[in-house]
Amino acid sequence: MEDFFVAESIQVQLKKGVLEMCVLALLSGGDGYAYEIAARLADDIGMGEGTIYPLMRRMQADGMVSTYLMESASGPPRKYYRLTAEGRRTFIAQRAEWDAFEIAVKKILGGGK
């Protein structure tokens, strides 16, 4: 049972470590609203809204994203997020670090050369 908790802890830490980069990656493809981003991250990597919304606020405070409201046919206006120039620079840097890290881990695990 203890091994399950260790594996779960590692998985959670890995997800939290790449969450900002994943948000930046999604927004690099175009603007998105918070629920759409949260739903995609929940579906693809299993991160809950409780983790994503505070991250989005922090990214806005750090100047990586800007926001604007857009009317919605299905309810109140939606808050959209857009990458800033700083956000694009951050994404490029994080992606390069991730690529190098992935290669190194694959070498250690025996899956790379």
Side-chain angles (χ1 to χ4, degrees):
M1 187 71 159
E2 187 175 308
D3 289 339
F4 170 76
F5 291 118
V6 170
E8 184 178 346
S9 175
I10 290 169
Q11 189 176 41
V12 167
Q13 291 304 313
L14 284 171
K15 288 176 183 180
K16 285 183 179 179
V18 299
L19 189 57
E20 179 179 280
M21 182 177 61
C22 289
V23 170
L24 293 170
L26 289 174
L27 291 174
S28 72
D31 300 357
Y33 63 98
Y35 177 78
E36 175 183 59
I37 294 166
R40 176 81 187 269
L41 292 172
D43 289 346
D44 291 352
I45 61 172
M47 292 305 291
E49 291 178 20
T51 305
I52 295 164
Y53 286 110
L55 172 65
M56 300 297 290
R57 284 190 296 275
R58 184 183 59 73
M59 291 173 70
Q60 184 178 4
D62 290 348
M64 287 186 262
V65 298
S66 60
T67 62
Y68 61 92
L69 292 177
M70 183 175 280
E71 292 297 323
S72 169
S74 61
R78 292 179 175 162
K79 182 189 245 184
Y80 277 78
Y81 290 83
R82 169 184 293 147
L83 275 188
T84 62
E86 178 62 26
R88 287 196 189 287
R89 283 190 295 272
T90 300
F91 174 59
I92 290 167
Q94 287 184 4
R95 179 63 197 257
E97 289 176 22
W98 173 261
D99 289 344
F101 180 72
E102 181 183 24
I103 290 167
V105 170
K106 282 183 178 180
K107 283 181 183 177
I108 291 168
L109 297 176
K113 295 181 181 182

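Everything numeric here is computed off the predicted structure, so don't read it as measured data.
- Of all heavy-atom pairs between Cys22 and Ile45, the closest is SG-CD1, 4.3 Å.
- One hydrophobic cluster holds both Val18 and Val105 under the rule that ILVMFWY side chains link at heavy-atom gaps under 4.5 Å.
- Here CE of Met59 is found 11.0 Å from CD1 of Ile52. Values are rounded to the nearest 0.5 Å.
- Between Thr51 and Leu41, every side-chain heavy-atom pair lies at or beyond the 4.5 Å cut-off.
- More than 12 heavy-atom neighbours from other residues, nucleotides or ligands sit within 6.0 angstrom of CZ on Arg58.
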(request) Please report the C-alpha distance between Lys79 and Gln60 in whole Å, then the side-chain angles of each, then the deciding distance to 0.1 Å, and finally whether the side chain to side chain contact (heavy atoms under 4.5 Å, CB included) criterion is met. (result) CA-CA 12 Å; Lys79 182 189 245 184; Gln60 184 178 4; 4.1 Å; yes
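- Note that CZ of Arg78 is 12.0 Å distant from CG of Leu69, once rounded to the nearest 0.5 Å.
- Rounding to the nearest 0.5 angstrom, the gap separating the CG atom in Asp62 from the OG1 atom in Thr90 is 8.5 Å.
- The ring pair (Phe, Tyr, Trp, His ring centres under 6.0 Å) with Tyr33 is formed by just one residue from the set Tyr81, Tyr80, Tyr53, Tyr68; it is Tyr80.
- For the pair Gln94 and Leu24, the tightest heavy-atom approach, listed with the atom from each and the gap, is OE1-CD1, 3.7 Å.
- Val65 and Met70 are assigned to two separate hydrophobic clusters, defined by single-linkage of ILVMFWY side chains at heavy-atom distances under 4.5 Å.
- Atom OG of Ser66 is separated from atom CG of Leu27 by 9.5 Å, given to the nearest 0.5 angstrom.
- Residues Ile92 and Met64 do not share a hydrophobic cluster, clusters being chains of Ile/Leu/Val/Met/Phe/Trp/Tyr side chains in contact below 4.5 Å.
- Taking a cutoff of 4.0 Å between a charged side-chain nitrogen and a carboxylate oxygen, Arg40 and Glu36 do not qualify as a salt bridge.
- Going from atom CD1 of Ile108 over to atom NZ of Lys106 covers 13.0 Å, rounded to the nearest 0.5 Å.
- Note that CG of Leu26 and CG of Asp44 are 7.5 Å apart. Values are rounded to the nearest 0.5 Å.
- Proximity of a side-chain donor or acceptor of Thr84 to a complementary backbone N or O of Gly63 within less than 3.5 Å is detected.
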